[in-house]
Structures are given as structure tokens and as C-alpha cells.
Amino acid sequence: MDVSSDAANIRDPMSRAPRYLLTSYGCQMNKLDSELVESRLTAAGYERAEGESDADVVLLNTCSVRQHAEDRVWSRLGVLRQLKREKPGLVVGVLGCMAEEHQRYIRARMPHVDLVVGPSAFGDIDEKVETLRARGSDEEPGDGVVAVGHGVSGDTIRRDVRVRPHRSQAYVNVMRGCNMPCSYCIVPATRGQEISRPIADIVEEVERLCDDGVSEVTLLGQTVNAYGRDLGRDVTLARLLRALHEIPALRRIAFITSHPNFLSAELIDALAELPRVSRYLHLPAQSGSNAVLKAMRRGYTAERYRTRVEQLRARAPDIELHSDWIVGYPGETDEDFAATVALMEEIRFAQSYVFKYSPRPGTLAADVVDDVPDAVKAERNRILNEVQERHTVARNQEFVGCVQEILVEGPSKVAGRLTGRTVHHRIVHFDSTDERLAGRYVPVRILEALGHSLLGEQLAEDHAEVGA
Ligand code: 5AD
Ligand code: SF4
């Protein structure tokens with residue numbers, strides 16, 4: 001087929017609909033942004049492509065948080081340069097954090113990229129793509145569309161609630177951007193200042209999601225527990241949780257990611273009092289060393305982190321904690337790292353993500369020499385993962401014999417099994433071929449801990465004794 005005539009396809013009912021291929025890198029926020037982009041393209045008559053070969057539009061929704069995430073995109077763009085030579089009508093777009101961060105470089109050095117759109121400018125992505133496709137392939141290379149900068153939020157458009165990967169689960173943006181000064185982090189540069197959505201808007205969106213079959217939502221924000229501070233004193237995450245708790249069809253409400261400084265007494269009360277709020281909290285500590293925390297500008301000490309966790313556990317002992325950690329931050333000594341291990345040992349997190357420090361140009365830390373050798377970073381990474389693994393396995397063992405309510409997600413990788421999650425976000429597999437259970441809540445007795453997940457057996461629906 002002659003690709004250069006593709007631009008006409010969307011208006012010609014006899015030819016096939018134009019196809020897009022969208023790949024998402026990075027955090028949940030990015031995945032949700034990708035859903036938004038998909039919903040715009042679907043509404044404009046586009047269909048998902050099978051792969052690069054049948055795609056008319058290839059979009060990469062990118063992440064800048066670590067060099068590794070960026071490298072994957074640079075190498076994919078190398079491959080796309082070749083593809084574009086073969087298919088000159090192809091539209092190639094870089095979206096998200098790298099579009100914001102590297103707009104000039106991409107415009108100057110990558111003429112095969114037609115579209116550069118930052119995370120605050122997705123609202124009319126379909127029109128941007130259309131403009132490029134209508135233009136055809138005879139235009140000068142490098143003559144594409146660039147939309148970056150902050151202040152325009154993708155959320156200003158009404159979300160199409162039907163576009164989502166899971167029938168019963170959905171992510172919901174409650175705020176964008178980040179105002180924190182963490183020295184290592186590129187996010188405030190790529191996503192701009194905090195902008196919270198009003199409670200009424202979020203409730204309305206969640207109600208529409210519930211009408212469409214959703215029963216679990218995960219609220220998203222870079223510092224989700226700072227939600228609302230740009231909207232006035234009365235607008236807080238605790239109040240939002242209470243408002244959402246009133247929606248009868250909503251059975252689970254989770255939220256990520258929290259910052260230790262905003263774990264307020266009001267939020268702890270909400271966690272203690274609202275049973276349908278998920279029983280885990282993603283509360284990254286990043287380090288257990290006060291010197292490193294200070295250099296990172298995290299705004300708390302290890303002692304303060306511990307105190308906050310004690311306060312939380314006193315009121316809501318069933319909440320499990322998840323953390324992120326950065327090893328090999330500039331200047332991190334063996335003693336600093338030992339303090340990190342000590343904090344991890346003491347708190348006993350249910351889950352941790354460990355990252356080797358990766359200097360990000362433009363951040364405060366980028367001016368400091370990245371002096372911890374990669375081999376040391378790798379070793380610290382290994383040790384911390386090992387400690388976490390021990391805690392994960394031990395905690396999983398404690399669930400053996402308990403009955404847990406599982407929200408069934410679908411078939412597991414092992415044939416004859418289904419998989420789902422507990423209210424603590426733990427993965428549970430159980431024997432069943434009844435795929436109609438997907439989206440339902442079933443009681444499961446935990447029989448075995450499998451390292452990162454649990455194995456159980458399904459009980460009758462009316463089984464009463466759910467609990468750990
Ligand atoms: N290097 C390594 N890890 C980083 N993170 C953020 N910035 C960097 C960086 N420059 C980690 C933090 C954050 C998680 C999303 O990514 O741990 O919580
Ligand atoms: Fe990556 Fe951060 Fe952007 Fe998410 S917000 S895509 S983690 S850089």
C-alpha cells in the first residue's frame with residue numbers, strides 16, 4: 001500500500017482506519033497519560049496497530065527519571081529513523097518527560113521526529129497528529145509540531161472512562177507536577193508545579209468510572225498526600241478519601257506516591273477510619289542517613305521518618321509500607337549506607353524499589369561529582385534488595401493459613417490459574433479456569449508463600465472470616 005496517501009484514509013470510508021502504536025515508559029502517571037492519548041486517538045477514528053510495520057503513527061511516551069529509561073528511548077528512536085526512511089509518511093512522536101527535557105536536542109538532531117509533546121500538553125494530541133498526517137510526506141523534515149511548557153493540563157479535557165486496561169480497576173490523576181526540591185529529581189522540571197484537581201471533579205470522574213464497572217481506583221500524584229495545598233486549607237487528601245468513600249460501588253481506594261513530610265495526623269486518621277482505603281502506603285524513605293537525606297533535600301531525618309511510621313502504626317497497624325531507595329548518592333559512605341540498611345531492617349517494608357543514583361542534568365545534584373563508583377552502587381543495590389527480599393518472604397509466610405479477599409485480575413501465567421490482589425496489593429494465584437471471575441472479589445485461603453507472590457485456594461463466596 002502507498003503510505004504517502006495515508007493522510008486521506010481517515011476521511012475515506014472505503015480504506016482502513018489509520019493505526020497508531022504507542023509505547024509507554026516510566027511511572028504510572030505516564031501510563032495514565034498514555035490512556036488519555038489513546039482515548040483521544042480512538043475518538044478521532046484511529047485504531048491500535050499490531051506493530052511498527054502496520055503503524056501510521058508511532059508514539060513514545062517517555063521517562064527522564066534515570067539515564068537507563070532515556071537510553072531505551074534513544075535507541076528506539078535510532079530504529080525509527082530507519083523505519084521512517086522506508087515509510088516517509090510515518091508520523092513519529094516523542095511525548096512525555098523527555099519531550100519536555102530534550103525538546104531542543106530532538107528538534108535539532110532528529111529530523112525524523114515529527115511531534116514533540118510534553119506531559120502538560122496532551123489535550124489535543126489527536127489534532128496535532130492529524131495536522132501532521134494531512135501534511136503528507138513531501139514536507140521539509142524537521143517541520144513538525146512542538147508543544148511543551150506547563151500550565152496546560154491534560155485533565156482539563158473530560159476523560160473517556162471507557163479507555164482503560166482493566167475492567168474493574170482504574171488510575172485517576174488527582175494532581176500534576178511537583179513542588180518539592182529533591183536534589184536528584186528531574187520531575188519538577190519535566191512536569192512543572194503542582195496543580196490539584198478540585199474534589200468535585202475527581203468524585204465525578206470516579207462515579208463515572210464506577211458506573212462503567214470500576215470498583216478499585218488508584219489516585220495518582222507525584223506527592224499525592226500533598227494534594228490540595230494549591231486549592232486552599234480545606235482541600236486535603238484525607239478529605240478527598242472521605243468523599244470517595246461515600247461512593248457505594250467503590251470497594252478499594254489506593255493512592256501513590258506519598259511524601260513523608262505530608263503524612264499528617266488527619267491523613268493517618270482517615271487511613272485508620274476508612275476501611276475501603278487500601279492497606280498499603282508507598283512512602284519512599286530514599287535513604288536512612290541524615291547526611292544523605294540532607295544533601296538530597298528531602299526535608300526530614302531518619303528519626304522523623306521513624307516517628308511518622310510509629311504514629312501511623314499506632315493508629316492503623318494493618319497498613320503495610322512500601323519504599324523507594326537511592327543507593328550511591330554523591331558522597332554516600334559505607335556508614336551512610338549502613339544507616340539505610342538499618343532503617344530498612346527496622347521498619348520492615350513489604351516492598352521496596354532500589355535504584356542506583358543516576359545524575360540528571362539540570363538537577364541540583366548534577367553539579368556535585370557522581371563519586372560513588374558504579375561497582376559500589378551495584379553492590380549496595382544488591383545488598384538492599386537482599387534485605388528486602390528477606391522481609392518480603394517473611395511477611396508473605398505470615399499470610400499462610402489466612403483468608404484474604406482477592407480482586408481477581410485474570411489468568412495467571414501458569415495455565416489453569418487465576419491471579420488477583422489483596423487489599424495490601426499482594427499478588428495471589430489460585431487454581432481456577434473460570435475467567436468470569438475477573439473483576440470479582442473472592443475469598444481465598446493462602447496455602448503457600450512463593451517469594452514475591454502467594455498461592456491460595458478459592459473458598460465459597462459467602463466465606464466470612466477474611467483477615468490476616
Ligand atoms: N537517580 C536514581 N533514582 C532516582 N529516582 C528519582 N530520581 C532519581 C535519580 N536521579 C528514584 C526515586 C524516586 C523513584 C521514582 O525514582 O527513588 O522515588
Ligand atoms: Fe519518569 Fe518522573 Fe516523568 Fe514519571 S514523572 S515519567 S517517573 S520522569
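Atoms within each ligand, like the ligands themselves, are counted from 1 in listed order. No hydrogens, no waters, no symmetry mates; every other heavy atom, side chains included, goes into these values.
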K.L.:
Using distance alone, decide if ligand 1 has a nitrogen or oxygen within less than 3.5 Å of any nitrogen or oxygen in Tyr184.
P.N.:
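In this structure, Tyr184 places an N or O atom under 3.5 Å from an N or O of ligand 1.
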
K.L.:
State the atoms of ligand 1, each with its element, that fall below the 4.0 Å cut-off from a heavy-atom position in Arg360.
P.N.:
10 (N)

K.L.:
For the backbone of Glu194 and the side chain of Asn179, can you confirm whether one donor and one acceptor N or O come within less than 3.5 Å of each other?
P.N.:
yes

K.L.:
Would Ser358 count as being in polar contact with ligand 1, using the rule that some N or O on each side must be under 3.5 angstrom apart?
P.N.:
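Yes, there is a polar N/O contact under 3.5 Å.
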
K.L.:
Phe337 and Trp325: ring pair (Phe, Tyr, Trp, His ring centres under 6.0 Å), yes or no, with the steps?
P.N.:
CA-CA 11 Å; Phe337 179 64; Trp325 307 88; 9.5 Å; no

K.L.:
Check ligand 1 against Val65 and write out every atom of the ligand that is under 4.0 Å from a heavy-atom position of the residue.
P.N.:
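What qualifies from ligand 1 is 6 (C), 7 (N), 8 (C), 9 (C), 10 (N).
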
K.L.:
Answer with yes or no after comparing the ring centroid distance for His424 and Tyr280 against a 6.0 Å cut-off, counting only values under it.
P.N.:
no

K.L.:
Considering only NZ, NE, NH1 and NH2 on the basic side and carboxylate oxygens on the acidic side, decide whether Arg208 and Asp212 come within less than 4.0 Å.
P.N.:
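Answer for the salt bridge query: no.
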
K.L.:
Purely on distance, is any nitrogen or oxygen of Arg66 under 3.5 Å from one on ligand 1?
P.N.:
yes

K.L.:
Are any side-chain N or O atoms of Arg66 and backbone N or O atoms of Tyr357, one a donor and one an acceptor, separated by less than 3.5 Å?
P.N.:
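Flag not set: sc Arg66 to bb Tyr357 has no pair under 3.5 Å.
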
